[in-house]
**Q** 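A single structure is presented below for examination.
In listed order, ligands and their atoms are each counted from 1.
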Amino acid sequence: MTTTQTEQFAVRRSTSPSGTALPLPPSGHFINGSFVPGSAGLLIDVVNPTTEAVITSVQAGTAEDVDAAVSAAVAAQKTWGATTPKERADVLNLIANIIEENRAAFEVLESANTGKPQAVAADDVTSTVDTFRFMAGASRALTSMAGGDYATDHTSVILREPVGVVGVITPWNYPLLMAAWKIAPILAAGNSIVIKPSEQTPLSTLKLAELVAGRIPHGILNVVTGRGRTVGQRLSEHPSIALVALTGSVVSGQAVAETAAKSVKRVHLELGGKAPVVVFPDADLRAAAAGVRNAGFWNAGQDCGAACRVLVHESVAEEFTEHLVREVSTLVLGSPEAGDDIEIGPMISLPHFERVKESLAEARAAGLNVAIGGSAIEGPGYFIEPTVISNVPAGAHIATHEIFGPVVTVETFSSTEEAVTRANESPYGLSASVWTKDSSLSLRIPKQLDFGTVWVNAHLVLACEVPWGGFKGSGYGRDLSLYALDDYSRTKHVMINHGA
Ligand code: NAD
């Protein structure tokens, strides 16, 4: 092992290669159960953000490739949509088993492609397996509104149907898990899929395709790799796609919704976030600081729900910030292979690294107080120091736009009303947390916050049984829970006249 010293943090790097070759998937598109070459023969390099080395390359898909995948999905959906919930649940449980049996391959691929520490990659795979298992069970318990006699001599039956073919576009921060959050409920509801993983992180989705090939019905799951502006665009406009689901940035969500409007396609958007963490004066400040250490820096802060914007009561701000800085100072940075105690990996790519650096430079230029961290670390690898910026004034740019890196800001408030107003003063509405021991505040404040998830004395705790999704600029539609199954189904009313 070698260590690169920086101002406050060191990156532990693995000097000895693991010796085992990465379990790379085939590089073609996965269409109708087999890997096929792309129509244009163009490739996109896939980069390891810890070493900056090219791992492999994948097909840069075209509209033609999407069209071939959609044809396969349309054909397969007819049979798949007619299966029973039990038959679909059997397939989802099989996928869960396949992922579990190949856990090591998924973890090592995901870490190589994203720089994720081992603990984060392991957690992603565990949650992926649980997502498939939950949706397998949930699909068997699905009901629709009870039918009844609402007109004389007429009986109504309410049917829940699949929507048809769903186009899915996923981001780079949790490539396998975000794919699972879509694939599991979409298949469970009887739809077929064409999925486009992020061009930066396609490997785990292709690996999933490789491992399920021949073991699940052909054509229900198709993968087309490539860029948003070609493959994503075609998925959004294709007339045979009934719904397009995207997890990604606001700009991409707007582009998808605009294109989808032309064919009046349904849209499901999980977009960015800037989660406020509201700390009241009676809160357990140590627990709140430990909570931000975990939820603000998990996956190096590249998380749409990251606890990145603290609003703390002015009477306890100094004490809270001291606790937080102490907590953050113990974070361990390094490459995934450097040990299972590594907590912070690199940013996903050079452009993203540059964007985070720019945000830090802006904060310094604005004279903000960097309480810890604040610098990029010399390469190789796109590492940024875990950073806390304190005494941030209301409305500061760094506290209102999504940085998507290991950067937490601390602002103060003086009254409960001000805390709520300031927390809600955000274009995003994905998630927030409230820290207090007061039982009245713990119910009253979440009701006043304009966010799809509000935790009390916790942050970033997720479960498959409960919905995930945002308000305002964070999009609409729900992942996880029975609400996702609703989103990927359509309701049909059949009314039978049985009068004489
Ligand atoms: P991104 O928007 O750059 O890319 C996401 C996906 O959209 C990629 O597959 C990309 O190729 C595709 N895309 C880009 N432009 C497109 C277009 N014009 N048409 C169709 N598809 C297009 O986002 P990213 O950088 O990969 O991920 C980070 C963003 O995702 C952050 O804003 C983060 O908050 C958000 N995110 C949200 C959630 C959530 O659950 N709400 C979860 C994870 C990430």
Side-chain angles (χ1 to χ4, degrees), residues 44 46 49 58 60-61 63 66 113-114 124 127 131 167-182 194-202 204-205 223-238 241 244-262 265 267-275 298-306 308-309 347-353 355-356 401-405 426-431 451-453 460 462 466-481 484 487:
I44 300 174
V46 179
V58 296
V66 173
N113 199 171
T114 61
D124 286 5
S127 301
T131 303
V168 173
I169 303 168
T170 51
W172 48 256
N173 59 346
Y174 297 99
L176 180 67
L177 183 59
M178 291 302 99
W181 280 16
K182 307 295 185 204
V194 180
I195 182 169
K196 186 202 91 62
S198 165
E199 56 274 40
Q200 298 176 75
T201 55
S204 52
T205 307
V223 184
V224 177
T225 54
R227 301 192 193 280
R229 288 189 188 284
T230 46
V231 176
Q233 165 77 19
R234 183 62 185 151
L235 288 172
S236 312
E237 70 192 8
H238 198 295
I241 289 186
V244 62
L246 169 125
T247 299
S249 62
V250 176
V251 172
S252 305
Q254 287 165 332
V256 164
E258 200 177 327
T259 306
K262 298 195 178 83
K265 205 185 279 339
V267 178
H268 186 282
L269 299 176
E270 297 288 351
L271 308 178
K274 182 82 182 175
W298 183 257
N299 209 35
Q302 300 170 119
D303 190 304
C304 47
C308 56
R309 181 190 172 204
M347 300 294 90
I348 188 65
S349 65
L350 182 58
H352 186 52
F353 175 68
R355 271 197 300 273
V356 177
H401 78 282
E402 192 182 39
I403 297 173
F404 226 57
S426 165
Y428 298 108
L430 186 58
S431 61
F451 296 84
T453 293
L460 220 51
L462 301 177
V466 285
W468 176 255
F471 303 148
K472 303 198 294 189
S474 296
Y476 42 82
R478 291 294 175 266
D479 281 329
L480 302 176
S481 79
D487 284 355

**Q** Under 4.0 Å from a heavy atom of Trp468: which atoms of ligand 1 are those, numbered in the order shown and with their elements?
**A** 39 (C), 40 (O)
**Q** If you look at every heavy atom in Pro197 and Thr205, which pair is closest and at what distance?
**A** CB-OG1, 3.8 Å
**Q** So for ligand 1, is Arg227 a polar contact partner (N or O within less than 3.5 Å, distance only)?
**A** no
**Q** Side chain, backbone, both or neither: which part of Gln200 has a heavy atom under 4.0 Å from ligand 1?
**A** neither
**Q** Decide yes or no for Val231 and Thr225: does some side-chain heavy atom of the first lie under 4.5 Å from some side-chain heavy atom of the second?
**A** no
**Q** How many angstroms lie between CE in Met178 and CG in Asp124, if you round to the nearest 0.5 Å?
**A** 8.0 Å
**Q** Considering only heavy atoms from C-beta outward, does the side chain of Tyr428 approach that of Leu271 to under 4.5 Å?
**A** no
**Q** Just to confirm my output: which protein heavy-atom neighbour is closest to atom 43 (C) of ligand 1, and how far is it?
**A** Asn173 ND2, 3.2 Å
**Q** Could you check whether any side-chain heavy atom of Asn113 comes within less than 4.5 Å of a side-chain heavy atom of Pro202, counting everything from C-beta outward?
**A** yes
**Q** May I ask you to test the Lys265-Lys262 pair for a side-chain heavy-atom distance under 4.5 Å?
**A** no
**Q** If you take the nearest heavy atom of each of Gly167, Ser252, Ser349, Gly248, which one is closest to atom 3 (O) of ligand 1?
**A** Ser252
**Q** Nearest protein heavy-atom contact for atom 28 (C) of ligand 1: which residue, which atom, what distance?
**A** Phe404 CE2, 3.6 Å
**Q** Do any nitrogen or oxygen atoms of Ser249 come within less than 3.5 Å of a nitrogen or oxygen of ligand 1?
**A** yes
**Q** May I ask you to list the atoms of ligand 1 that are less than 4.0 angstrom from any heavy atom of Lys196?
**A** 8 (C), 9 (O), 10 (C), 11 (O)
**Q** Tell me, which protein residue and heavy-atom name are nearest atom 27 (O) of ligand 1, and how many Å apart are they?
**A** Pro171 CB, 3.4 Å
**Q** Looking at atom 38 (C) of ligand 1, what's its closest protein heavy atom, distance included?
**A** Cys304 SG, 2.8 Å
**Q** Identify, by atom number and element, the atoms of ligand 1 in contact range of Gly272, meaning under 4.0 Å from any of its heavy atoms.
**A** 32 (O), 34 (O)
**Q** Identify the protein heavy atom lying closest to atom 37 (C) of ligand 1, giving its residue, its atom name and the separation to 0.1 Å.
**A** Leu271 O, 3.0 Å
**Q** Got Trp468 and Trp181 here, is their nearest side-chain heavy-atom distance under 4.5 Å?
**A** yes
**Q** Looking at atom 34 (O) of ligand 1, what's its closest protein heavy atom, distance included?
**A** Glu402 OE2, 2.5 Å
**Q** Under 4.5 Å between any side-chain heavy atoms of Thr247 and Asp479, yes or no?
**A** yes
**Q** Number the atoms of ligand 1 from 1 as they appear, then name those within less than 4.0 Å of a heavy atom of Leu246, with their elements.
**A** 7 (O)
**Q** Short list, please: which atoms of ligand 1 are under 4.0 Å from a heavy atom of Thr247?
**A** 5 (C), 36 (N), 37 (C), 38 (C), 39 (C), 42 (C), 43 (C), 44 (C)
**Q** So do the side chains of Lys196 and Arg234 get within less than 4.5 Å of each other, counting heavy atoms only?
**A** no
**Q** Which residues satisfy the salt bridge (Lys or Arg N to Asp or Glu O under 4.0 Å) test with Lys274, sequence neighbours excluded?
**A** none
**Q** By number and element, which atoms of ligand 1 are closer than 4.0 Å to a non-hydrogen atom of Gly232?
**A** 20 (C), 21 (N)
**Q** For ligand 1, which atoms sit closer than 4.0 Å to a heavy atom of Ser198?
**A** 9 (O)
**Q** What protein heavy atom lies closest to atom 22 (C) of ligand 1? Include the residue and the distance to one decimal.
**A** Gly228 CA, 3.4 Å
**Q** Under 4.5 Å between any side-chain heavy atoms of Ile348 and Thr114, yes or no?
**A** yes
**Q** For atom 25 (O) of ligand 1, what is the closest protein heavy atom, and at what distance to 0.1 Å?
**A** Trp172 NE1, 2.6 Å
**Q** Got a sec, which residues hit ring pair (Phe, Tyr, Trp, His ring centres under 6.0 Å) with Trp172, two or more places apart in sequence or on another chain?
**A** His352, Phe404
**Q** Show which atoms of ligand 1 fall inside a sub-4.0 Å distance from at least one heavy-atom site of Ala255.
**A** 18 (N)
